[in-house]
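Atoms within a ligand are numbered from 1 in the order they appear, just like the ligands themselves. Keep in mind that this is a model prediction, so the values were computed, not measured.
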Amino acid sequence: MVEIRKPIPVAEAVGLVMEHVKPIGTEIIDLEQSYGRVLAEPIIARHDVPPFDRSPYDGFAIRSLDSKGASGNNRIPFSVIGEIGAGYLGDKPIGEKEAYRIMTGAQIPGNADAVVMLEQSSETEGGFTLRKPFEDGENISYKGEDAKEGELLIEAGSLIHPGTIALLATFGYAQVKVAKRPVAGILSTGTELLEVGDELVPGKIRNSNGPMIKGQLNRMGISYRSYGMAVDDLDACTSIVKQAIAETDFLITTGGVSVGDYDYLPAIYERLGAKVLFNKVAMRPGSVTTVAVLGNKFLFGLSGNPSACFTGFELLVRPAILAIMGGTAPYMPRMRAKLGEDFTKPNPFTRFIRATWTFTESGIQAVPAGFNKSNAVSSIARGNCLIVLPSGTRGYATGDAVDILLLGSEQGVSEWTV
Ligand SMILES: Nc1nc2c(c(=O)[nH]1)N[C@H]1C(S)=C(S)[C@@H](COP(=O)(O)OP(=O)(O)OC[C@H]3O[C@@H](n4cnc5c(N)ncnc54)[C@H](O)[C@@H]3O)O[C@H]1N2
Ligand code: MOO
Ligand SMILES: [Mg+2]
């Protein structure tokens with residue numbers, strides 16, 4: 001008798017996975033290796049930025065009071081007493097109608113309080129003239145205007161991107177405390193599978209899920225151990241899964257999770273004593289996506305169907321990995337878009353359609369990326385988002401407003417909204 005599985009809503013599946021996340025701990029690494037890692041400490045300004053009043057332009061540092069009354073008809077002459085390039089200091093105080101020639105980034109000297117851009121001056125022998133008055137503070141970039149010492153700038157749990165690295169470098173973090181990265185195990189199951197380099201033979205197909213999952217992990221900077229491909233044999237698969245979960249922090253398997261005669265993952269979870277969180281999700285593709293937990297490790301049983309496998313990874317595995325690393329924005333960003341094509345099929349489950357979003361005159365439009373069944377591989381090679389069509393309606397028409405989830409985005413969001 002075939003097992004009848006009870007589908008749970010996608011949000012519930014995501015919630016169950018997130019409830020079982022165990023943080024992986026932290027380590028200290030070189031700043032230059034930190035791209036893509038999750039910050040394990042907040043960034044608090046160690047000093048003011050900029051650390052001194054400085055010139056935002058190439059020009060002349062003056063005392064504003066000396067420019068009072070300047071106009072086209074009343075040009076005021078200044079004499080230049082020295083030059084300050086960025087990195088140098090002006091040591092003499094500025095006297096009446098005196099100025100330093102100053103370059104962008106240089107510290108404002110003693111009693112100067114304004115900067116005249118080179119373009120705002122007419123150079124003369126030994127100096128320049130002004131044709132407009134300057135205010136106290138005009139063209140000064142003030143100490144602390146960007147960040148004040150002690151200010152909380154970035155929270156722990158944020159993903160380190162190139163801008164974060166710039167901020168850390170500004171405060172002298174040659175090393176930074178980040179979350180450790182879990183190591184994934186990957187196993188593709190299926191007697192029908194050939195290696196990528198093999199010639200096709202009748203009844204067989206090449207393993208595309210294994211390489212795809214590696215790509216999805218690479219995109220996140222997560223390393224993995226590959227356990228290759230396993231034929232559908234319960235004993236052999238059980239021992240590979242056992243070994244894999246002992247050697248890695250979590251295991252992703254593809255295939256063998258449905259109700260077929262050779263779908264052995266459910267039996268393997270039972271043999272290992274793993275707790276199955278769910279084995280049916282009200283989504284398509286990926287309804288058979290199964291997640292189990294053994295000790296503090298996840299066993300992600302992704303579908304063998306390529307589109308379902310891809311979607312299961314993005315919706316359930318990716319946020320779990322980010323949360324294991326303490327990431328506080330683990331979900332794909334969402335936008336509203338106009339559907340670019342009719343989608344008339346009824347929707348018993350929430351549908352995730354691989355699509356391309358573009359910006360058009362009438363706003364953001366999302367067009368499905370072609371053949372969209374669970375077993376499709378062509379459409380996963382196209383597109384940049386997933387259209388979300390909630391269940392329980394009769395269909396969708398061109399122009400309907402829909403949610404889309406952005407794929408491949410470095411920055412995530414903290415709330416699951418589908
Ligand atoms: N009686 C039922 N049959 C099926 C159901 C169901 O509810 N009742 N669910 C269907 C759904 S939905 C999906 S999705 C698939 C899931 O199947 P499995 O996860 O068990 O995966 P397999 O049976 O191993 O393979 C399915 C399909 O995918 C191909 N495949 C597998 N591995 C790979 C790989 N590494 N690279 C490329 N393609 C792969 C495999 O050859 C099959 O065509 O079950 C439905 N059936
Ligand atoms: O798990 Mo399936 O992808 O819904 O066709
Ligand atoms: Mg199957």
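- Thr254 counts as a contact of ligand 1, since one of its heavy atoms falls under 4.0 Å from the ligand.
- For atom 38 (N) of ligand 1, the nearest protein heavy atom (residue, atom name, distance) is Ile205 CD1, 3.3 Å.
- Salt bridge Asp198/Arg206: absent, no basic N to carboxylate O contact under 4.0 Å.
- Looking at Lys280 against ligand 1, only its side chain comes within 4.0 Å, counting heavy atoms.
- For Glu83 (side chain) and Arg101 (main-chain N/O), no donor-acceptor pair under 3.5 Å exists by modelled atom type.
- Here's the thing with Ser374: one of its N/O atoms is less than 3.5 angstrom from an N/O atom of ligand 2.
- Of all atoms in ligand 1, listed by their number and element, those nearer than 4.0 Å to a heavy atom of Ser287 are 12 (S).
- Using a 4.5 Å cut-off on side-chain heavy atoms (C-beta onward), Ile387 and Leu339 make contact.
- Near Pro285, meaning under 4.0 Å from one of its heavy atoms, ligand 2 places the atoms 3 (O), 4 (O).
- Here the protein heavy atom with the shortest distance to atom 42 (C) of ligand 1 is Glu192 OE2, 4.1 Å.
- Both the backbone and the side chain of Asn305 come within contact range of ligand 1, each with a heavy atom under 4.0 Å.
- Remark: minimum distance from atom 5 (C) of ligand 1 to any protein heavy atom is reached at Ser258 OG, 3.2 Å.
- By the 4.0 Å heavy-atom criterion, Ser208 is counted among the residues contacting ligand 1.
- A donor-acceptor pair under 3.5 Å is formed between the side chain of Lys204 and the backbone N or O of Thr191.
- Residue Asp263 has at least one heavy-atom neighbour below 4.0 Å for each of these atoms of ligand 1: 20 (O), 23 (O).
- Heavy-atom contacts of Ser287 reach the following atoms of ligand 2: 1 (O), 2 (Mo), 3 (O), 4 (O) (cutoff under 4.0 Å).
- Heavy atoms of Arg284 found under 4.0 angstrom from ligand 1 belong exclusively to the side chain.
- Atoms of ligand 1 found under 4.0 Å from any heavy atom of Asn207, numbered from 1 in the order shown, are 34 (C), 35 (N), 36 (N).
- When every heavy atom of Ser287 is checked against every heavy atom of Arg284, the shortest pair comes out as OG-NH2, 3.2 Å.
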Requested in this report: Mind running salt bridge (charged side-chain N to carboxylate O under 4.0 Å, His left out) on Asp249 and Lys22 for me, showing each step along the way?
Outcome: CA-CA 11 Å; Asp249 294 308; Lys22 298 274 186 310; over 6 Å; no
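- Under 4.0 Å is where a charged nitrogen must lie from a carboxylate oxygen, and between Arg271 and Asp235 at least one such pair does.
- Between the side chains of Asn209 and Ser188, no donor N or O sits under 3.5 Å from an acceptor N or O.
- Salt-bridge formation is not detected for the pair Lys148/Asp48: no Lys NZ or Arg NE/NH1/NH2 atom is positioned less than 4.0 Å from an Asp or Glu carboxylate oxygen.
- Here the protein heavy atom with the shortest distance to atom 18 (P) of ligand 1 is Gly256 N, 3.5 Å.
- Every atom of ligand 2 with a heavy atom of Ala308 under 4.0 Å away is listed here by number and element: 3 (O).
- Under 4.0 Å from ligand 1, heavy atoms of Ser303 appear from its side chain as well as its backbone.
- By the criterion of a heavy-atom distance under 4.0 Å, both the backbone and the side chain of Val257 are placed next to ligand 1.
- Note on Lys143 versus Glu145: no salt bridge recorded, every NZ/NE/NH1/NH2 to OD/OE distance being 4.0 Å or above.
- Of the protein's non-hydrogen atoms, Gly304 O, 3.1 Å is the one closest to atom 30 (N) of ligand 1.
- By the neighbour-count criterion of 12 heavy atoms within 6.0 Å, atom CD of Glu151 is densely surrounded, having more than that number from other residues, nucleotides or ligands.
- Against a heavy-atom cut-off of under 4.0 Å, Leu193 is close to the following atoms of ligand 1: 32 (N), 33 (C), 34 (C), 35 (N).
- Of the N or O atoms in Ser303, none lie within a sub-3.5 Å distance of an N or O in ligand 2.
- Of the protein's non-hydrogen atoms, the one nearest atom 2 (C) of ligand 1 is Val259 CG2, 3.6 Å.
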Requested in this report: Go through the steps to decide whether Phe60 and Val115 satisfy the test side-chain contact (heavy atoms from CB on, under 4.5 Å), and finish with yes or no.
Outcome: CA-CA 5 Å; Phe60 298 101; Val115 168; over 6 Å; no
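- For atom 33 (C) of ligand 1, the closest non-hydrogen atom of the protein is Asn209 ND2, 3.2 Å.
- The shortest contact between atom 11 (C) of ligand 1 and any protein heavy atom is with Val288 CG1, 3.8 Å.
- Taking distance alone, with nitrogen or oxygen atoms compared against 3.5 Å, Gly286 approaches ligand 2 more closely than that limit.
- With rounding to the nearest 0.5 angstrom, the OH atom of Tyr331 is 9.0 Å from the OG atom of Ser414.
- The shortest heavy-atom contact between Val317 and Ile252 is CG1-CD1, 3.9 Å.
- Checked against a 6.0 Å centroid threshold, the rings of Phe171 and His47 count as neighbours.
- Proximity to Gly255 (heavy-atom distance under 4.0 Å) selects the following atoms of ligand 1: 19 (O), 21 (O), 24 (O).
- Residue Asn305 has no N or O atom closer than 3.5 Å to an N or O atom of ligand 2.
- A side-chain donor from one of Glu247 and Tyr227 sits under 3.5 Å from a side-chain acceptor of the other.
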